[in-house]
Amino acid sequence: MGKSISEFEDEMSVTGRITLFSKSGCPDSKAVRSFLRIKHLPFVEINLDLFPQRGLDLEERTGTSSVPQLFFNDELVGGMEELNLLQQNGELDEKIQKVKENPCPESAPGLPVHSEEESENAVPDEFAEVVQKLREKVQLKDRFLKLRLYSKCFLGSDAVEVFAEDQYCERDEAVEFGRKVAAKHFFHHVAHENLFEDGNNLYRFFEHDPAIATKCLNFFGATNDLEPKPAADVAKKLMTLILATYDRYISDDGKHVNYYAIAASEEFRRYVKLTEELHRIDLTTLTREEKLSFFLNIHNAMVIHSFILYGRPNGALERRTYFAEIQYVIGGYAYSLSAIQNGILRANQRPPYTLTKIFGAKDPRLQVGLEKPEPLVHFALSYGTQGSPAIRCYSPEGIDAELRIAARDFFDSGGITIDSEARTVSLSKIMKWYSSDFGKNEREVLHWIAKHINPTKAEHLLSLLEDSNVRVNYFPFDWSPNI
């Protein structure tokens with residue numbers, strides 16, 4: 001995938017190397033990046049948010065830590081202002097020709113290497129040792145509970161014996177200890193009936209849950225037994241990586257993704273490695289704003305991750321399976337794309353054309369979801385298609401304003417058309433699928449839209465709504481890939 005992307009194809013053949021020092025979300029870095037793309041010039045990007053140590057190299061070469069800074073081989077070109085000046089003076093083509101023909105000398109900025117900036121203080125979980133003993137000593141068997149067969153389970157009574165022996169305590173104290181271990185998501189009750197109890201209760205290790213072991217893209221055969229970092233910290237690190245990836249490999253309008261380049265990139269390698277830290281984080285510590293930005297970013301990154309691994313789904317049947325079965329394990333539980341959209345961000349509303357909610361009454365993921373649906377998320381969630389909203393990275397600090405901007409941009413770029421003569425409003429199919437999030441009927445939906453489009457269009461729409469005779473149509477959704 002991605003080889004046919006018009007914006008990224010037909011790059012010039014360059015013998016030397018063009019190097020861009022940048023930072024995520026920097027408008028000037030974005031301007032230089034866009035300039036190079038327009039010129040079809042391949043370049044190596046050293047994002048100082050990902051490789052902060054390379055800032056020393058930049059300062060030694062330029063005398064400044066400001067970005068962007070562009071190099072043609074070992075020659076400093078500068079930023080956007082310097083590029084424009086060279087172009088105006090007719091000197092840029094000569095410099096481009098020079099870097100095209102001359103090999104990159106050793107004195108040029110070096111390539112970013114995989115081992116840079118990755119060493120962190122990894123601390124084993126306080127319960128990791130006793131959990132390892134538990135794995136070794138309890139008997140795992142397939143067992144029935146209420147006429148349903150659960151694979152690789154162990155009895156609560158067996159676990160209590162292991163805890164009592166390890167902690168030199170009585171059974172009731174061992175039960176309390178076991179609850180602390182279970183709260184760290186090393187194991188769960190197979191039917192989520194309790195946290196941990198003695199007796200014939202059935203429990204299963206995190207790594208033996210079939211949904212996690214077989215469907216989660218960020219599970220690689222073993223549980224991450226390191227001490228979980230604060231969820232907000234992990235979310236921030238992921239946001240930094242995601243933003244750097246989007247800046248580098250997604251078009252400026254957010255509508256075209258270079259999947260091929262992402263798959264081979266250092267950013268993606270780091271991202272996949274970092275997703276292991278999601279295994280046992282405590283999502284309940286996140287604020288509403290942190291949940292919104294975190295789950296929006298994770299949803300869209302999961303789509304890219306799945307397209308790289310499996311390609312895109314074809315047809316309605318494959319899409320239904322895709323949204324239910326592409327999953328990450330986060331905070332001890334599996335989250336599908338549908339669970340994130342409908343269970344978390346829509347406060348456990350039914351998905352379109354289904355009769356049941358995503359989370360049942362006992363599902364522990366209920367406590368993670370938003371208290372009420374946030375309609376604006378529909379203009380931030382990407383399905384990896386041309387009909388989807390533009391892909392952006394969202395921050396907890398500005399999430400509500402960012403969502404309002406996303407909604408306006410979605411409607412400005414074809415999400416709504418108004419035909420005054422025919423007294424017809426045409427909308428994206430998204431507005432039909434999730435109409436209940438916007439209003440009880442079509443008129444309420446249109447009044448909601450009027451609050452989130454540009455003033456000229458809003459005035460036009462409201463004048464139509466003064467008449468009760470307004471017809472609403474829906475565009476066919478464009479499921480073609482966003483390449």
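It should be emphasised that the depicted structure is a prediction, and the values quoted were computed from it without experimental measurement. The analysis underlying the following values was restricted to heavy atoms, covering all of them including side chains, and did not include hydrogens, waters or symmetry mates.
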Calculate, to the nearest 0.5 Å, the distance between atoms [atom1] and [atom2] belonging to [X] and [Y] respectively.
X	Y	atom1	atom2	value
Met431	Leu446	CE	CG	8.0 Å
Leu366	Lys357	CG	NZ	9.0 Å
Ile391	His256	CD1	NE2	10.5 Å
Phe206	His188	CZ	NE2	8.0 Å
Lys451	Leu462	NZ	CG	10.0 Å
Thr245	Phe268	OG1	CZ	9.0 Å

is_close_aromatic([X], [Y]), centroid dist under 6.0 Å:
X	Y	result
Tyr328	His305	yes
His192	Tyr333	yes
His299	Tyr335	no

Near [X] [atom1], under 6.0 Å, is it more than 12 heavy atoms from other residues, nucleotides or ligands?
X	atom1	answer
Lys23	NZ	no
Lys30	NZ	no
Arg135	CZ	yes
Glu371	CD	no
Lys180	NZ	no
Asn314	CG	yes

Mind listing the closest non-hydrogen atom pair of [X] and [Y] along with its distance?
X	Y	value
Pro389	Lys255	C-NZ, 4.2 Å
Met302	Ile326	CE-O, 3.4 Å
Arg248	Phe43	NH2-O, 2.7 Å
Ala334	Ile212	CB-CG1, 4.3 Å
Tyr246	Cys393	CD1-N, 3.9 Å
Ile304	Ile250	CD1-CD1, 4.3 Å

Is [X] salt-bridged to [Y], going by a charged N under 4.0 Å from an acidic O?
X	Y	answer
Arg270	Glu266	yes
Lys229	Glu277	yes
Glu318	Arg312	no
Glu193	Lys146	yes

Considering only heavy atoms from C-beta outward, does the side chain of [X] approach that of [Y] to under 4.5 Å?
X	Y	answer
Leu241	Leu50	yes
Phe187	Val181	yes
Asp252	Arg37	yes
Gln349	Gln341	no
Leu134	Phe163	yes
Asn218	Tyr271	no
Tyr434	Pro352	yes
Phe295	Leu370	no

Do [X] and [Y] get their side chains close enough for a donor-acceptor pair, meaning under 3.5 Å?
X	Y	result
Asp225	Thr223	no
Thr284	Gln367	no
Asn342	Ser338	yes
Asn194	Tyr203	yes

**Study point:** side chain to side chain donor-acceptor pair (under 3.5 Å) between Glu45 and Ser22, worked out
**Key:** CA-CA 7 Å; Glu45 185 163 355; Ser22 68; 2.6 Å; yes
Check your understanding: Only one of Trp433, Phe438, Trp448 forms a ring pair (Phe, Tyr, Trp, His ring centres under 6.0 Å) with His378, so which one is it?
Key ->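 Per the ring pair (Phe, Tyr, Trp, His ring centres under 6.0 Å) rule, the option paired with His378 is Phe438, out of Trp433, Phe438, Trp448.
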Exercise for review: Please check if the side chain of Ser388 supplies one atom and the backbone of Tyr383 the other of a donor-acceptor pair under 3.5 Å.
Suggested key: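 Judged by distance alone, yes, a pair lies under 3.5 Å.
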Check your understanding: Within the side chain of Asn297, is there an N or O that forms a donor-acceptor pair under 3.5 Å with the backbone of Tyr394?
Key -> yes
Practice item. Report the C-alpha distance between Val131 and Asp125 in whole Å, list the side-chain angles of each, state the deciding distance to 0.1 Å, and finish with yes or no for side chain to side chain contact (heavy atoms under 4.5 Å, CB included). Key: CA-CA 10 Å; Val131 168; Asp125 192 283; over 6 Å; no
**Study point:** side chain to side chain donor-acceptor pair (under 3.5 Å) assessment of Asn482 paired with Tyr259
**Key:** CA-CA 10 Å; Asn482 57 345; Tyr259 292 97; 2.6 Å; yes
Practice item. Tell me, with the steps shown, if Ser426 and Asp419 meet side chain to side chain donor-acceptor pair (under 3.5 Å). Key: CA-CA 8 Å; Ser426 299; Asp419 187 336; over 6 Å; no
Check your understanding: Relative to the ring of Phe205, is the ring of His208 parallel (under 30°), tilted (30 to 60°) or perpendicular (over 60°)?
Key -> perpendicular
Check your understanding: Only one of Arg288, Arg404, Arg346 clears salt bridge (Lys or Arg N to Asp or Glu O under 4.0 Å) with Glu374; which?
Key -> Arg288
Side-chain donor-acceptor distances from residues 149-159 under 3.5 Å, at least two apart:
{"residue": "Ser157", "atom": "OG", "partner": "Gly199", "partner atom": "O", "Å": "3.4"}

Exercise for review: Begin from the C-alpha positions of Tyr322 and Ser306 and carry the test side chain to side chain donor-acceptor pair (under 3.5 Å) through to its verdict.
Suggested key: CA-CA 9 Å; Tyr322 170 81; Ser306 66; 2.7 Å; yes
